[in-house]
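As the structure is a prediction and not an experimental result, all values here were calculated from the model.
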Amino acid sequence: MPTRAGWTVLAGALAALGAGRLLGVLELYVLAAVAVALVLAAVAWVRRPVPALALHREVHPVRPTRGAAARVDVVVRNLGRRATPLLTVRDVVEGTVGARLVVSPLVAGGARQVGYRLPTLRRGALQVGPMTAELADPFGLARRAVPGPAAQTVTILPGIEPLEGRLVGAGRQEPLAGRSTRSMATSGIEDLATLRPYVVGDDLRRVHWPASARADDLLVRRDEERWQGHLTLVLDVDPAAMPADAFEQAVSAAASVVHHVAESGDRIRLVASDGYDSGMVDARRAEGAVLEHLAHVEQQPSALALPTAPADRRSSLVVLSGAQRAEDAGRDLRRSDHPSGWIVRFGAPAPSGADEVAVALGDRFADRWRQLAEPGAEVRA
């Protein structure tokens with residue numbers, strides 16, 4: 001179909017035709033005819049058969065973090081038997097003018113990869129697509145669109161800072177976690193106490209062949225489960241607690257803590273004052289789901305709900321709140337059954353207690369976390 005330039009040329013042709021009839025100037029008739037013929041030729045150019053195209057979009061990483069680099073790679077493949085003309089790939093990106101990528105002609109069976117940077121200035125859902133490949137005439141008077149991948153939603157996770165030090169409680173093994181113990185009754189074949197039956201998918205290098213021969217069944221070595229620390233993290237989502245910019249800092253801090261606990265192999269429970277409760281989960285396995293929730297969490301009026309049931313006397317407690325609700329958070333913290341706890345106040349002045357730290361706008365949460373994990377540590381510049 002004609003582009004904006006094409007419609008402008010047609011409008012000019014009609015104006016020239018009218019002026020030629022009114023003034024009786026033959027040259028204006030000729031000018032109008034040439035303009036119309038040029039637009040018709042452009043439409044015919046883009047309507048000619050085009051080799052079959054395959055377009056593919058990939059986002060790297062699949063779930064980028066806020067403020068980090070992210071890229072969208074677009075692969076254009078020529079499935080036809082002849083070369084393609086010059087193509088323009090357009091991909092819609094929510095909140096922007098979209099991406100416009102020029103792809104030079106492709107030989108039969110050829111492919112080319114192009115890409116663009118994805119904006120990650122805010123967390124949450126980002127709509128990308130739909131994508132189209134456009135064929136235009138040399139004068140830019142007509143355009144034909146070939147549909148590509150449909151729209152997809154990319155989740156931008158909160159920003160994550162690397163943290164140092166652990167604040168987790170002593171922890172314990174969960175019941176039936178698979179932890180093995182040796183039995184005195186198996187003195188003759190004590191190896192069997194740390195073996196389990198073979199399951200399809202187990203690495204054959206872990207098979208204990210002598211024990212398998214005695215038991216007449218395949219047995220594999222059982223891994224000893226490490227003892228895991230426990231941390232309960234409370235996020236205050238009430239707008240009365242802190243302003244919106246401080247809340248973004250708090251969400252990023254919560255994501256940083258979740259990622260840090262996952263890296264250390266401990267367990268975490270995330271509770272938000274809007275009623276969300278992840279339960280005490282293995283942070284490595286549940287990290288994706290918890291970060292996904294933090295990517296979409298919004299401020300909404302609520303009452304601060306500390307996790308009092310089920311009580312976990314071996315779990316440390318960290319409350320992320322604001323200056324306006326610091327007193328309430330401190331009172332709830334003292335009433336909780338957790339053996340140790342700290343309050344992190346966002347958008348607040350200097351803390352009022354040894355178990356509190358304040359994170360002002362522009363401060364690095366990693367420095368304040370290090371102060372809690374290593375009392376007396378100096379704040380890095």
Side-chain angles (χ1 to χ4, degrees), residues 58 60-63 65 155 157 160 162-233 254-271 276-295 307-318 336-341 369 373-374:
E58 288 186 357
H60 302 284
V62 177
R63 294 189 303 176
T65 58
T155 300
L157 301 179
I160 295 177
L163 305 180
E164 299 178 3
R166 301 175 69 207
L167 292 180
V168 297
R172 65 175 184 278
Q173 277 293 359
E174 293 299 307
L176 305 179
R179 183 171 184 266
S180 58
T181 56
R182 296 182 181 271
S183 172
M184 295 299 293
T186 59
S187 57
I189 51 172
E190 62 245 10
D191 286 337
L192 294 179
T194 56
L195 301 177
R196 61 172 175 79
Y198 173 82
V199 178
V200 176
D202 285 337
D203 190 346
L204 291 177
R205 292 174 295 182
R206 302 184 61 81
V207 174
H208 193 283
W209 296 108
S212 298
R214 291 194 298 268
D216 197 24
D217 191 11
L218 287 179
L219 299 175
V220 298
R221 297 179 181 86
R222 189 200 307 258
D223 290 330
E224 289 286 343
E225 297 286 342
R226 65 179 297 276
W227 286 68
Q228 295 175 300
H230 289 53
L231 178 66
T232 297
L233 184 65
S256 301
V257 173
V258 172
H259 179 70
H260 177 64
V261 175
E263 283 190 325
S264 64
D266 295 313
R267 301 175 68 82
I268 194 167
R269 178 186 181 190
L270 175 65
V271 178
Y276 173 81
D277 189 345
S278 68
M280 189 62 70
V281 294
D282 187 304
R284 285 181 178 175
R285 298 180 181 178
E287 180 182 8
V290 176
L291 291 181
E292 183 88 15
H293 176 80
L294 288 174
T308 56
D312 191 347
R313 298 180 181 274
R314 293 175 179 250
S315 169
S316 298
L317 177 65
V318 175
S336 69
D337 293 327
H338 300 268
S340 57
W369 175 269
E374 305 174 15

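By the 4.0 Å N-to-carboxylate-O rule, Arg63 lies close enough to Glu292 to be salt-bridged with it.
For the pair Val257 and Trp369, the minimum side-chain heavy-atom distance is below 4.5 Å. Counting only heavy atoms from C-beta outward, the side chains of Leu270 and Leu294 approach each other to under 4.5 Å.
A distance of 8.0 Å separates NE2 in His260 from CG in Asp266, rounded to the nearest 0.5 Å. Taken to the nearest 0.5 Å, the OG atom of Ser316 stands 11.0 Å off from the CD1 atom of Ile268. Here the CG-CH2 distance, from Leu219 to Trp209, works out to 10.5 Å after rounding to the nearest 0.5 Å.
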(request) Test side-chain contact (heavy atoms from CB on, under 4.5 Å) on Val258 and Leu291 and set out the steps. (result) CA-CA 8 Å; Val258 172; Leu291 291 181; 4.3 Å; yes
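When atom types are taken as modelled, the side chain of Arg284 and the backbone of Ala262 share a donor-acceptor pair closer than 3.5 angstrom. A donor-acceptor contact shorter than 3.5 Å links the side chain of Arg267 to the backbone of Met280.
The aromatic rings of Tyr276 and His293 sit parallel, their planes meeting at an angle under 30°, below the 60° perpendicular limit.
A pairwise comparison of heavy atoms in Ser212 and Val207 identifies OG-CG1, 3.8 Å as the closest pair. Pro197 and Val220 make their closest contact through O-CG2, 4.1 Å (heavy atoms, listed as atom of the first residue, atom of the second, distance). The two residues Val290 and Ser278 have their closest heavy-atom pair at CG2-CB, 4.4 Å. The shortest heavy-atom contact between Val281 and Ala286 is CG2-CB, 3.5 Å.
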